[in-house]
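One structure below.
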Amino acid sequence: MSIIAVVGNKGGTGKTTLALNLAAGLAARGDAVVIVDADPQQSAYQWRLAGDADNGLPHVVAAALGLPKTVQALRDAHEHVVIDCPPSIKAPQAEAALRLANYALVPVQPSPMDLWATTHIAKVIERLRAENPGLRALIVMSQLEPRTTLSKLMPEAAMEMDLPVAAVGIRRRSIHRHCVLEGRSVFQAGKRGLEAAAEIDQLLTELLNHG
Ligand SMILES: Nc1ncnc2c1ncn2[C@@H]1O[C@H](COP(=O)(O)OP(=O)(O)OP(=O)(O)O)[C@@H](O)[C@H]1O
Ligand SMILES: [Mg+2]
């Protein structure tokens with residue numbers, strides 16, 4: 001049983017996109033997985049509504065209120081619960097998710113300022129480890145454009161961070177935006193989604209197969 005919380009302190013970094021596709025990647029591996037949308041904006045919930053009910057995208061439960069009870073009710077029937085959090089680490093939903101989670105993923109866009117803004121998240125995670133000692137946190141580089149200077153500089157900037165950075169980064173690809181329109185994940189986008197799906201699957205391997 002794993003609980004994966006996708007958190008952040010900035011809007012639009014790719015939290016919902018990562019949460020949904022990670023869950024879809026786990027489902028593609030044959031695992032029972034559910035997404036809990038803890039963001040009052042309900043982006044993940046609406047994304048799911050945009051797709052056919054039987055399109056294979058994991059079920060999304062909206063739970064901006066009563067997160068612990070919702071997760072408790074879901075944990076027995078699922079191998080993984082992926083929680084999509086609002087864009088503030090101070091939001092009560094983010095803190096509640098981090099109390100429950102085994103893994104916290106922090107998507108960060110390739111900008112040094114965005115990376116520095118994770119310092120506050122690292123502090124919150126450190127504080128919550130007193131109650132949740134097993135919590136493992138990883139920064140995930142999001143919307144990377146490998147040819148740009150900034151994206152090339154990011155690994156160096158990331159070395160100075162208080163949180164470890166995942167070896168696998170998520171590239172900016174138009175298929176991610178198309179998939180939102182179609183209410184699906186990159187795992188259900190056929191050939192067009194193959195590269196994006198492979199990246200998500202590598203991240204899952206890195207996350208779940210740590211020593
Ligand atoms: N890897 C990617 N490649 C291309 N577009 C992306 C990628 N990840 C996210 N996006 C796009 O960036 C925008 C913001 O993504 P998303 O909604 O996942 O971010 P968020 O962090 O959940 O935002 P919020 O803070 O509002 O909850 C969306 O239009 C999404 O389609
Ligand atoms: Mg979101």
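This structure is a prediction, so every number in the text was calculated from the model and none was measured. Note that ligands are numbered from 1 as they come in the structure, with each ligand's atoms numbered from 1 the same way.
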Salt-bridge criterion met for [X] and [Y] (N-O under 4.0 Å):
X: K123; Y: E126; result: no
X: K10; Y: D114; result: yes
X: R192; Y: E182; result: yes
X: D201; Y: R29; result: yes
X: E95; Y: R127; result: yes
X: E145; Y: R171; result: no

Quick test: of every protein heavy atom, which one is nearest to [atom], and how far off is it to 0.1 Å?
atom: atom 19 (O) of ligand 1; answer: G14 N, 3.0 Å
atom: atom 20 (P) of ligand 1; answer: K15 N, 3.4 Å
atom: atom 17 (O) of ligand 1; answer: T16 CB, 4.1 Å
atom: atom 5 (N) of ligand 1; answer: R177 NE, 3.2 Å
atom: atom 30 (C) of ligand 1; answer: T17 OG1, 3.8 Å
atom: atom 2 (C) of ligand 1; answer: H176 CD2, 3.5 Å
atom: atom 14 (C) of ligand 1; answer: G12 O, 3.8 Å

Using 0.5 Å steps for rounding, measure from the CZ atom of R177 to the CZ atom of R172.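 It comes to 6.0 Å.
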Any idea which atoms of ligand 1 are less than 4.0 Å away from a heavy-atom of [X]?
X: G11; answer: 25 (O)
X: Q143; answer: 2 (C), 6 (C), 7 (C), 8 (N), 9 (C), 10 (N), 12 (O)
X: P87; answer: 25 (O)
X: D39; answer: 27 (O)
X: R171; answer: 1 (N), 2 (C), 3 (N)
X: I170; answer: 1 (N)

Under a 3.5 Å cutoff, is there a donor and acceptor pairing between the side chains of S2 and N102?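 The answer is no; no qualifying pair exists.
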Between Q46 and S43, is there a side-chain donor-acceptor contact under 3.5 Å, judged purely by atom types and distance?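 Result is no, nothing qualifies.
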Heteroatom proximity flag, T13 to ligand 1, N/O under 3.5 Å: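 Yes, since at least one N or O of T13 sits under 3.5 Å from an N or O of ligand 1.
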Ligand 1 N/O within reach of C85 N/O, cut-off under 3.5 Å: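 No: no nitrogen or oxygen of C85 is under 3.5 Å from one in ligand 1.
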If every non-hydrogen atom of P40 is compared with every non-hydrogen atom of Q93, which pair is closest and at what distance?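 Minimum heavy-atom separation between P40 and Q93: CG-NE2, 3.6 Å.
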Measure from atom 9 (C) of ligand 1 to the protein's non-hydrogen atoms and state whether any distance is below 4.0 Å.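 Yes; the ligand atom in question has protein heavy-atom contact below 4.0 Å.
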Treating D37 as the side-chain partner and A44 as the backbone partner, does any N or O pair qualify as donor plus acceptor under 3.5 Å?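 Side chain of D37 to backbone of A44, a donor-acceptor pair under 3.5 Å: yes, one is there.
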Is the backbone of I121 close enough, under 3.5 Å, to the side chain of T118 for a donor and an acceptor to pair up by distance?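 Between the backbone of I121 and the side chain of T118 there is no qualifying donor-acceptor contact (under 3.5 Å).
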Taking atom 27 (O) of ligand 1 as the point of reference, which of H178, R173, Q41 owns the nearest heavy atom?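 Comparing heavy atoms across H178, R173, Q41, the nearest one to atom 27 (O) of ligand 1 lies in Q41.
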Solution key, residues 132-141 side-chain donor-acceptor pairs under 3.5 Å, sequence neighbours excluded:
{"residue": "N132", "atom": "ND2", "partner": "L98", "partner atom": "O", "Å": "2.8"}
{"residue": "N132", "atom": "ND2", "partner": "R99", "partner atom": "O", "Å": "3.2"}
{"residue": "N132", "atom": "ND2", "partner": "A101", "partner atom": "O", "Å": "2.8"}
{"residue": "R136", "atom": "NH1", "partner": "L207", "partner atom": "O", "Å": "3.4"}

Quick one: how many protein N/O/S atoms are under 2.8 Å away from the Mg ion (ligand 2)?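 Protein heteroatoms (N, O, S) closer than 2.8 Å to the Mg ion (ligand 2) number 1.
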Heavy-atom check, side chain of L18 versus side chain of T13, under 4.5 Å: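 With C-beta onward as the side chain, the pair stays apart.
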